[in-house]
Amino acid sequence: MLKKKIEKAFNEHLNKELFSSYLYLSMAAHLDANGYEGMAAWMRIQSQEEYDHGMKFFDFINERGSRVTLGAIEAPKKEWKSPLEIFEEAYKHECYISKEIHKLMDMAIAEKDYPSISFLNFFVDEQVEEENTAIKIVDNLKMVGDRGVSLYMLDRNLGKRGAAAK
Ligand code: MG
């Protein structure tokens with residue numbers, strides 16, 4: 001079984017991953033409503049990934065003979081000024097999640113909980129990828145600025161993630 005403090009922290013993190021999923025789904029809805037179909041598809045896949053991350057915590061807590069407890073998921077923001085603002089926020093959110101994962105790792109190390117350390121290693125690596133992917137899109141959006149044709153092309157390109165995933 002997980003130590004009580006780790007069980008509590010993992011349950012709280014499960015909620016954070018589910019919130020991430022909800023936040024990206026809200027971003028997808030906003031992008032879709034504003035005609036950015038490709039980015040909306042990209043964000044929707046991102047939302048699914050975050051749900052899967054949450055489920056990894058769900059399964060791990062169960063596998064360790066501990067108890068999953070689900071709390072309320074905070075309502076996400078609904079409106080943004082631009083795709084750039086959306087992806088900047090997604091990047092900042094991933095940096096926050098990385099810090100939270102590192103805190104969990106600190107706790108697992110302090111408690112000498114080797115299975116949890118091994119489990120969390122996946123997330124340490126995953127967060128490097130998540131931050132990198134988000135910042136690259138932010139950079140691309142800055143490069144494109146408000147040039148309509150380029151923005152359209154970028155939107156189309158990001159939409160290919162959806163096609164590749166299906
Ligand atoms: Mg995640």
Side-chain angles (χ1 to χ4, degrees), residues 2 5-32 36 38-64 66-80 83-111 113-141 157-166:
L2 291 167
K5 67 185 289 191
I6 294 189
E7 180 187 286
K8 184 172 178 283
F10 277 17
N11 271 304
E12 284 167 2
H13 193 82
L14 164 55
N15 185 279
K16 291 186 178 100
E17 295 287 349
L18 293 182
F19 172 74
S20 303
S21 174
Y22 218 33
L23 174 65
Y24 296 152
L25 198 56
S26 185
M27 289 174 170
H30 179 92
L31 288 162
D32 223 337
Y36 298 104
M39 293 183 209
W42 190 97
M43 230 9 130
R44 193 164 163 164
I45 289 168
Q46 193 60 28
S47 170
Q48 181 63 47
E49 254 195 49
E50 301 308 337
Y51 175 81
D52 294 344
H53 291 163
M55 287 307 103
K56 278 184 189 283
F57 275 87
F58 186 101
D59 290 339
F60 186 75
I61 295 166
N62 276 330
E63 278 168 18
R64 295 292 300 277
S66 295
R67 177 75 164 95
V68 169
T69 48
L70 299 174
I73 302 169
E74 194 189 324
K77 200 167 139 179
K78 297 187 193 82
E79 296 295 333
W80 290 268
L84 176 61
E85 196 185 62
I86 287 180
F87 280 91
E88 277 176 334
E89 192 173 317
Y91 170 67
K92 279 188 202 137
H93 185 71
E94 286 308 316
C95 293
Y96 159 72
I97 293 291
S98 299
K99 281 195 189 125
E100 294 302 303
I101 292 286
H102 298 161
K103 280 190 212 162
L104 294 179
M105 185 61 109
D106 285 341
M107 191 187 287
I109 290 168
E111 298 294 331
D113 183 341
Y114 301 111
S116 289
I117 293 168
S118 178
F119 168 72
L120 289 168
N121 266 325
F122 164 84
F123 285 93
V124 172
D125 295 343
E126 177 71 13
Q127 285 310 119
V128 174
E129 199 184 305
E130 297 283 38
E131 284 183 28
N132 188 249
T133 308
I135 199 68
K136 273 188 186 160
I137 298 174
V138 167
D139 288 346
N140 283 339
L141 281 165
N157 244 331
L158 288 169
K160 284 179 190 160
R161 182 188 189 184
K166 278 171 196 164

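As a basis for the values below, the full set of heavy atoms in this structure was taken, side chains included, without hydrogen atoms, waters or symmetry mates. Along the sequence shown, residues carry numbers from 1. Numbering of ligands and ligand atoms starts at 1, following listing order.
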Q: Within a reach of under 6.0 Å around NZ of K77, are more than 12 heavy atoms found that belong to other residues, nucleotides or ligands?
A: yes

Q: Would you call the rings of F119 and F60 parallel, tilted or perpendicular, taking 30° and 60° as the class edges?
A: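 It falls in the parallel class, under 30°.
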
Q: Let me check your reading of the structure: within less than 2.8 Å of the Mg ion (ligand 1), is there an N/O/S atom from E50?
A: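 Coordinating: yes.
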
Q: Any side-chain heavy atom of E130 within less than 4.5 Å of one from Q46?
A: yes

Q: Have a look at H53 and say which of its N, O or S atoms is nearest the Mg ion (ligand 1).
A: ND1

Q: Do any N/O/S atoms of E17 come under 2.8 Å of the Mg ion (ligand 1)?
A: yes

Q: Could you walk me through whether K56 and F122 satisfy the side-chain contact (heavy atoms from CB on, under 4.5 Å) test, starting with their C-alpha distance in whole Å, then the side-chain angles of each, then the deciding distance to 0.1 Å, before giving a yes or no?
A: CA-CA 10 Å; K56 278 184 189 283; F122 164 84; 3.6 Å; yes

